[in-house]
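These notes concern the structure reproduced below.
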2 protein chains.
Amino acid sequence: MKDVVSRCPIEETMRVLSGRWPTLLLYYLKDGTKRFSDLRRDNPTVSHRILALELRKLEDAGIVRRTAHPGYPLRVDYDLTGPGRRLVPLIDALGSWWVHTEDDRTGRSPISETNLDTAA
Amino acid sequence: MKDVVSRCPIEETMRVLSGRWPTLLLYYLKDGTKRFSDLRRDNPTVSHRILALELRKLEDAGIVRRTAHPGYPLRVDYDLTGPGRRLVPLIDALGSWWVHTEDDRTGRSPISETNLDTAA
DNA sequence: GGCTGGTTACAGAATTGTGCGTAATTTACA
DNA sequence: TGTAAATTACGCACAATTCTGTAACCAGCC
């Protein structure tokens, strides 16, 4: 990718949210504070390296707050910032959009007077 | 919500919207019908190949409708489907989220009353 | 031959995964 | 009591995989 700094906010947002993990991490973090190992447990298919990189990316974007506790064994907490929490419902909206478009994808119309299929 | 598919709808949505082009194409298509060459002109940095691939992906996702007119020279129109149009405000919301988090990113207080938030 | 939309073949860039190393402290065990 | 190993959250080097771009080619009518 180039070093192009886009002025389009949508592009900027997508630069952060693109990929498989960011929205998933948001999803797990909306429950509250999680530790690195918690997040790995939540999603066993992320490699530790990628998890660290993604968390760093979200931190840089101001979505996630990283809190390192001094002492050993190491302990680091992650939770959503204000912007991060405000982002959650938007992500959820995308999720429901997908669910609703299922009707369109399967060629059915959503709940209407003409349609009384056995719903899903 | 039930265990509809084995995968999360947010993940499915992001699988389609991830990357640099999908949201940009949505942005250009929300004005109305466009042809392949129009979209290339709108965004000169997409390669011919990628544009075709991305449009195909959006078509498969039910976001974009492809209409090939018979006759030569070839002519193909692209426009948003119903789901595609319903997606636009959600994308816009992500854009305004980014604009509003600017305050947080730049360390300014988000207190606003005399706040002219005109998105770019 | 040129126009348009699209595809294939190959190359190079970017992203992701694997495995090893590290820190200071606790526990395991002989 | 001493030594080894586990723990936790990474960083680094490297391999594998995926993504993107370039260029050429196709179709069929003017």
With B:A61, which residues qualify under side chain to side chain contact (heavy atoms under 4.5 Å, CB included), at least two apart? B:V16, B:I63

Could you tell me which residues satisfy side chain to side chain contact (heavy atoms under 4.5 Å, CB included) with A:N43, sequence neighbours excluded, listed by chain and number? A:W21, A:L24, A:Y28, A:T45, A:V46

Just how far, in rounded Å, is [atom2] of [N] from [atom1] of [X]?
X	N	atom1	atom2	answer
A:L39	D:dC10	CG	C1'	14 Å
B:R15	C:dT15	CZ	C1'	16 Å
B:D38	C:dT4	CG	P	11 Å
A:R20	D:dC19	CZ	P	12 Å

Apply side-chain contact (heavy atoms from CB on, under 4.5 Å) to the pair A:T101 and B:T81, showing each step before the final yes or no. CA-CA 10 Å; A:T101 58; B:T81 62; over 6 Å; no

Check DNA chain C against [range] and give the residues with a non-hydrogen atom under 4.0 Å, in numerical order.
range	answer
residues 45-56 of chain B	B:H48, B:R49, B:R56
residues 70-80 of chain B	B:P73, B:L74, B:V76, B:Y78
residues 25-37 of chain A	none

A:R65 CZ: over 12 foreign heavy atoms closer than 6.0 Å: no

Enclosure of B:R35 CZ (heavy-atom neighbours >12, cutoff 6.0 Å): yes

Please round to the nearest 0.5 Å and tell me the distance separating atom OG of A:S96 and atom CD1 of B:I10. 8.0 Å

Could you give the distance from CD (A:E12) to CG (B:L94), rounded to the nearest 0.5 Å? 13.0 Å

Transitively linked via ILVMFWY side-chain contacts under 4.5 Å: A:I50 with B:M14? yes

Matching residue for A:K34 among A:D77, A:D42, A:D79 - test: salt bridge (Lys or Arg N to Asp or Glu O under 4.0 Å): A:D42

Tell me the ring-ring contact (aromatic ring centres under 6.0 Å, His included) pairs involving residues 30-85 of chain B, sequence neighbours left out? B:F36-B:H48

When all nucleic acid strands are considered with a 4.0 Å heavy-atom cut-off, which category describes A:R40: base, sugar-phosphate, or nothing? nothing

For a side-chain contact (heavy atoms from CB on, under 4.5 Å) check, start with the C-alpha distance between B:L17 and B:I91, then their side-chain angles and the critical distance, and finish with the verdict. CA-CA 10 Å; B:L17 296 185; B:I91 305 289; 3.8 Å; yes

